[in-house]
Amino acid sequence: MASHMWVLSLSLLLMACGAMGGAPRKPISVSFGRNYVPTWAFDHIKYFNGGSEIQLSLDKYTGTGFQSKGSYLFGHFSMQIKMVPGDSAGTVTAFYNHIESFCQLSSQNSEHDEIDFEFLGNRTAQPYILQTNVFTGGTGNREQRIYLWFDPTKEYHSYSVLWNLYQIVFFVDDVPIRVFKNSKDLGVRFPFDQPMKIYSSLWNADDWATRGGLEKTDWAKAPFVASYRGFHIDGCEASVQAKFCATQGKRWWDQKEFQDLDALQYRRLRWVRQKYTIYNYCTDRVRFPTLPPECKRDRDI
């Protein structure tokens, strides 16, 4: 995928620094088939080492993707990914969680929630862009974009989300890159009663992914390949009709130390903000003349 922008979206359909925060439990690597199934273009997924590692490929005819077997209300979800190397402009690799409404396999309803990691490919020697977004009650437009502090095509790195009743935290390896707090008291919707599946896909998005669609996919470089391993899910599994987790308050992510980041995590988050952030909806006064109410609580300004 010459000059492709591929997006890794993690959609999961996140209070003060004084609280004692904690790092999520260490992910447990399992085989792909333990938690996931292919969803389309099955012949564009290759399996290695007994399914402990897979590769998704994209060509001019199709991309491919997969989804979790279960639906979840809260938990910790992690994937190790090695991005499409070389000229990847136009491609999108997405790792995300979103709501599966009754009789629907996607979050296309008007009230859908979604949490996204999106990795946007680029021309050779140009850096990947990681875009995150949060949809609540059908409303998104909360994009943030950062450069990574490493080359994501060289080695596997971990991308994860911790989601509980208090906050959603996006992690790259052990570094928090974004927090979305529960700000219902400020009138901001928060995902808490719609189970979500986890999805990942590799697809062509050269109408928008790289430089707003100016850079097109170079199909002479196809197939474009992204590699995955890990496949960790530690969540409260629920049917798509469930409105609450039966073990709410009893799981490790419900405990006090996971209701906020600790001082070290906030320093790391500030480091990402100061050195690697290239777009933050909270500071975009053209799109948002009035500061969105959650931005100050999320320490995005």
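None of the values given here were measured: they were computed from a predicted structure.
Taking the side chain as every heavy atom from C-beta outward, Leu291 and Arg285 approach each other to under 4.5 Å. A 4.5 Å side-chain heavy-atom check between Arg145 and Leu120 finds at least one atom pair inside the cut-off. A 4.5 Å side-chain heavy-atom check between Arg251 and Phe74 finds every atom pair outside the cut-off. Inter-residue side-chain proximity for Leu130 and Tyr276 is flagged as unmet; no heavy-atom pair is nearer than 4.5 Å. Within the 4.5 Å cutoff, side-chain heavy atoms of Ile233 are placed close to those of Ile198. Side-chain contact between Val179 and Phe170: absent, with no pair of heavy atoms (C-beta onward) separated by less than 4.5 Å.
Connection of Leu269 to Trp271 is established within a shared hydrophobic cluster, with ILVMFWY side chains joined at heavy-atom distances below 4.5 Å, either directly or through further cluster members. Hydrophobic clustering keeps Ile45 apart from Val225 (ILVMFWY residues linked when any side-chain heavy atoms are closer than 4.5 Å, directly or through intermediates). There is a path of hydrophobic side-chain contacts, each under 4.5 Å, that joins Phe171 to Trp149. Tyr72 and Phe244 end up in different hydrophobic clusters when Ile, Leu, Val, Met, Phe, Trp and Tyr side chains are linked at under 4.5 Å.
Both the sub-6.0 Å distance and the 45° axial angle are not jointly satisfied by Lys275 relative to the ring of Tyr147.
Of the charged side-chain nitrogens involved, at least one lies within less than 4.0 Å of a carboxylate oxygen, so that Glu143 and Arg287 count as a salt-bridged pair. One finds no salt bridge joining Arg142 and Asp116 here, because no Lys/Arg side-chain nitrogen approaches an Asp/Glu carboxylate oxygen to under 4.0 Å.
Of all heavy-atom pairs between Glu294 and Ser183, the closest is CB-OG, 4.1 Å. Closest non-hydrogen pair, Asn204 versus Gly90, comes out as OD1-O, 3.3 Å. Minimum interatomic distance between Val272 and Pro176 (heavy atoms only, all atoms of both residues): CG2-O, 4.2 Å. The two residues Ala222 and Asp59 come nearest to each other via the heavy atoms CB-CA, 4.1 Å.
Side chains of Asp234 and His76: no donor on one and acceptor on the other come within 3.5 Å. Side chain to side chain, Tyr156 and Glu53 meet the donor-acceptor criterion of an N or O pair below 3.5 Å. Side-chain polar atoms of Tyr281 and Asn141 form no donor-acceptor pair below 3.5 angstrom. Looking at His232 and Asn35, their side chains never bring a donor and an acceptor atom within 3.5 Å of each other. Side chains of Arg273 and Gln144: a donor-acceptor N/O pair is present below 3.5 angstrom, by distance only. Between Ser200 and Tyr228, the side chains place a donor N or O and an acceptor N or O closer than 3.5 Å (distance only, hydrogens not considered).
Under the 30°/60° scheme for interplanar angles, the aromatic rings of Trp252 and Phe258 are found to stand perpendicular. Relative ring orientation between Tyr159 and Phe150 is described as tilted, the plane-to-plane angle lying within the 30° to 60° band.
Here the OG1 atom belonging to Thr247 is positioned 7.0 Å from the CG atom belonging to Asp254, to the nearest 0.5 angstrom. Once rounded to the nearest 0.5 Å, the distance linking CG of Asp218 with NZ of Lys60 reads 11.0 Å. We find the NZ-CG distance between Lys46 and Leu56 to be 12.0 Å, quoted to the nearest 0.5 Å. With rounding to the nearest 0.5 Å, the separation of CZ in Phe231 from CD1 in Ile54 is 4.0 Å. For the atom pair CD (Gln259) and CG (Asn182), the distance works out to 11.0 Å, reported to the nearest 0.5 Å. Taking OG of Ser158 as the start and CD of Gln80 as the end, the distance is 5.5 Å to the nearest 0.5 Å.
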Residue pair Trp203, Trp40: steps toward the ring-ring contact (aromatic ring centres under 6.0 Å, His included) verdict: CA-CA 11 Å; Trp203 49 288; Trp40 51 291; 8.8 Å; no

side-chain contact (heavy atoms from CB on, under 4.5 Å) assessment of Glu111 paired with Arg189: CA-CA 10 Å; Glu111 295 293 310; Arg189 299 279 292 271; 2.8 Å; yes

ring-ring contact (aromatic ring centres under 6.0 Å, His included) between Phe66 and Tyr36, worked out: CA-CA 7 Å; Phe66 59 89; Tyr36 291 95; 5.2 Å; yes

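Annotation for Asp174: atom CG does not count as buried by contact number, only 12 or fewer foreign heavy atoms lying within 6.0 Å. For Ile28, the CD1 atom sits in a loose shell: 12 or fewer heavy atoms of surrounding residues, nucleotides or ligands are nearer than 6.0 Å. Within a 6.0 Å sphere centred on OH of Tyr47, other residues, nucleotides and ligands contribute more than 12 heavy atoms. With a 6.0 Å radius and a threshold of 12 heavy atoms from other residues, nucleotides or ligands, Lys243 has its NZ atom above the threshold. For Lys296, the NZ atom sits in a loose shell: 12 or fewer heavy atoms of surrounding residues, nucleotides or ligands are nearer than 6.0 Å.
The backbone N or O of Tyr166 lies less than 3.5 Å from a partner atom in the side chain of Asn164, making a donor-acceptor pair. Not one N or O on the side chain of Thr39 forms a donor-acceptor pair closer than 3.5 Å with the backbone of Gln67. No donor-acceptor pair closer than 3.5 Å links the side chain of Ser160 to the backbone N or O of Ser78. Of the possible donor and acceptor atoms, none in the side chain of Thr217 sits under 3.5 Å from a partner among the backbone N and O of Trp219. Using a distance-only test at 3.5 Å, with no hydrogens or angles considered, no donor-acceptor pair links the side chain of Ser71 to the main chain of Lys197.
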